[in-house]
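Below is one structure; the comments refer to it alone.
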Amino acid sequence: MLAKKGCTRFVCSSGGNAGLAAAYACRRLALPATIVVPQTTGADIVQKLQDLGADVVVTGKVWDDADAHAHQLTETPGSVYISPFNHPLVWEGHASLVCELKASLGSQKPGALVVSVGGGGLLAGLAEGMKKVGWSDIPIIAMETKGAHCLNAALEAGKPISLPDITSVAKCLGAKTVCDRAYECTREHKVISITVDDREAIRAVEMFLDDELMFVEPACGAALAAVYSGHIQRLQQEGSLKTPLDPIVMVVCGGSGISISQLQHFKSQLNIN
């Protein structure tokens, strides 16, 4: 749509995964892409982006710095900014996940949806999709790691606020401020915000690899920790979730930025035996 309007270059800021999606889409459409990532982005992600034909700019300590630079790049005529999470089209795309779930489950409803939260685009899309299919009564469990907990901080403050820094190893959750739409969703939908520490997220990554033979990154480990660290059971005991509980849907999202050596590094860094 934007290409038809004469846009000649697409600029996306990213902690990794959104940039890969943008680079892939641009390659399929034969359009040039510039992906701006922070200095914490792994060399493997940078290489994957370049392999997809994107120009990669590495700048800034955290995603917010990279995002500011991406906006500057779009001052060039013909360039357009693509948000990794803060746009209605992004939310619409994520909402389709729920429509597919509804088609698979039929009349059965899940007991809850569990999702990791970074900037909040996936959360906003899930809430939109759940409203479409009549699942507004189903709670969303929003998982974040401490040190990247922008949604939880917003809920504590009663408004979106910026974290002073991103200190979690889950860099793909590394937006200092949750998007307004995601925060609004917590007022329209039952959203249970939970924070876990990095050790819980990394343990969940390792346990999920053992259980399902799927290797995910710490950002996804935050969501999986809802089960592996016993938070679902705690919520049931507190009365926040039903007992017995209908099947839980875990949104397993994010596996592009992890390797065996990185997992070993995280375990050493966090003193996990």
Side-chain angles (χ1 to χ4, degrees), residues 15 17 85 94 97-98 101 104-105 108-127 129-130 135-156 168-175 178 182-183 185-186 189-255 257-258 263 266-267 270 272:
N17 292 317
F85 56 79
H94 294 322
L97 184 156
V98 181
L101 279 171
S104 297
L105 294 175
Q108 184 181 29
K109 287 186 176 182
L113 266 70
V114 182
V115 62
S116 296
V117 176
L122 184 53
L123 170 62
L126 289 180
M130 293 169 80
W135 288 357
S136 294
D137 57 322
I138 305 302
I140 299 173
I141 302 175
M143 302 295 297
E144 298 174 284
T145 49
K146 297 170 184 175
H149 57 290
C150 60
L151 174 64
N152 186 266
L155 293 174
E156 289 288 332
S168 171
V169 301
K171 300 304 180 185
C172 282
L173 300 183
V178 73
Y183 180 75
C185 288
T186 67
H189 197 103
K190 183 178 180 181
V191 176
I192 302 171
S193 172
I194 296 177
T195 60
V196 297
D197 61 37
D198 283 341
R199 291 167 63 90
E200 290 178 274
I202 293 302
R203 286 196 185 101
V205 167
E206 195 165 35
M207 294 172 76
F208 190 65
L209 178 59
D210 285 341
D211 288 347
E212 303 294 339
L213 303 181
M214 292 179 65
F215 201 12
V216 298
E217 58 197 61
C220 182
L224 296 171
V227 172
Y228 287 120
S229 291
H231 294 287
I232 297 295
Q233 294 89 331
R234 175 179 60 79
L235 290 172
Q236 288 181 285
Q237 292 167 2
E238 295 172 354
S240 297
L241 291 177
K242 295 178 180 179
T243 303
L245 189 64
D246 290 324
I248 296 174
V249 173
M250 306 291 298
V251 181
V252 180
C253 179
I258 191 66
L263 179 60
F266 289 141
K267 290 179 66 177
L270 298 170
I272 299 174

Return the set of residues passing side-chain hydrogen bond (donor to acceptor under 3.5 Å, both in side chains) with Glu144 (not counting sequence neighbours), or none when no residue passes.
-> none
Sequence neighbours left out, what passes side chain to side chain contact (heavy atoms under 4.5 Å, CB included) with Glu212? Give chain and number order.
-> Phe208, Met214
Shortest non-hydrogen pair, Asp198 vs Ser168, comes out as OD1-OG, 2.7 Å
Looking at CZ of Arg203 and CG of Leu224, how far apart are the two atoms once the value is rounded to the nearest 0.5 Å?
-> 14.5 Å
Taken in chain and number order and not counting sequence neighbours, the residues that satisfy salt bridge (Lys or Arg N to Asp or Glu O under 4.0 Å) with Lys242 are none
Out of curiosity, Leu126 CG to Trp135 CH2, how far, rounded to the nearest 0.5 Å?
-> 10.5 Å
Should Ile258 and Val216 count as side-chain neighbours, where that means a heavy-atom distance under 4.5 Å?
-> no
In short, salt bridge (Lys or Arg N to Asp or Glu O under 4.0 Å) pairs touching residues 217-228 with sequence neighbours left out are none
Output all residues satisfying side chain to side chain contact (heavy atoms under 4.5 Å, CB included) with Leu209, sequence neighbours left out; order by chain, then residue number.
-> Phe215
Can any side-chain N or O of His149 pair as donor or acceptor with the backbone N or O of Val196 at less than 3.5 Å?
-> no
Taking C-beta and beyond as the side chain, do Phe266 and Val205 meet within less than 4.5 Å on heavy atoms?
-> no
Residues two or more places apart in sequence or in another chain: which of them pass side chain to side chain contact (heavy atoms under 4.5 Å, CB included) with Leu241?
-> Ala112, Pro139, Ile141, Ile192, Ile232, Leu235, Gln236, Leu245
Which residues pass the side-chain hydrogen bond (donor to acceptor under 3.5 Å, both in side chains) test with Thr195, sequence neighbours left out?
-> none
Looking at Ala219 and Ser116, what are the two nearest heavy atoms and their distance?
-> O-OG, 2.6 Å
Side chain to side chain contact (heavy atoms under 4.5 Å, CB included) partners for Ala201, two or more places apart = Thr145
Would a 4.5 Å heavy-atom cut-off, applied to side chains only, mark Pro110 and Leu105 as touching?
-> yes
Non-neighbouring partners of Gln108 that pass side-chain hydrogen bond (donor to acceptor under 3.5 Å, both in side chains), sequence neighbours left out | none
Separation between CD (Glu238) and NE2 (His231), nearest 0.5 Å, reads 10.5 Å
Set of residues satisfying side-chain hydrogen bond (donor to acceptor under 3.5 Å, both in side chains) with respect to Asp211, sequence neighbours excluded | Tyr228
Closest heavy-atom contact between Val178 and Gly120?
-> CG2-CA, 4.2 Å
So the salt bridge (Lys or Arg N to Asp or Glu O under 4.0 Å) pairs with at least one residue in residues 108-117 (sequence neighbours excluded) are Lys109-Asp137
Interatomic spacing from NZ in Lys190 to CE in Met130 - rounded to 0.5 Å = 11.0 Å
Within residues 111-125 or reaching into it, pairs that qualify as salt bridge (Lys or Arg N to Asp or Glu O under 4.0 Å) - sequence neighbours excluded | none
Do Cys150 and Leu173 have side chains that get closer than 4.5 Å, going by heavy atoms?
-> no
How far apart are the closest heavy atoms of Cys185 and Ala127, and which atoms are they?
-> SG-CB, 3.7 Å
Separation between CG of Asp197 and OG of Ser229, rounded to the nearest 0.5 Å | 7.5 Å
For the student: nearest non-hydrogen atoms of Ala226 and Val114, plus distance | CB-CG1, 3.8 Å
Heavy-atom nearest pair, Ala148 first then Ala170, reads CB-O, 4.5 Å
Taking C-beta and beyond as the side chain, do Leu122 and Val117 meet within less than 4.5 Å on heavy atoms?
-> no
About how many Å separate NZ of Lys267 and CD1 of Ile202, when rounded to the nearest 0.5 Å?
-> 9.5 Å
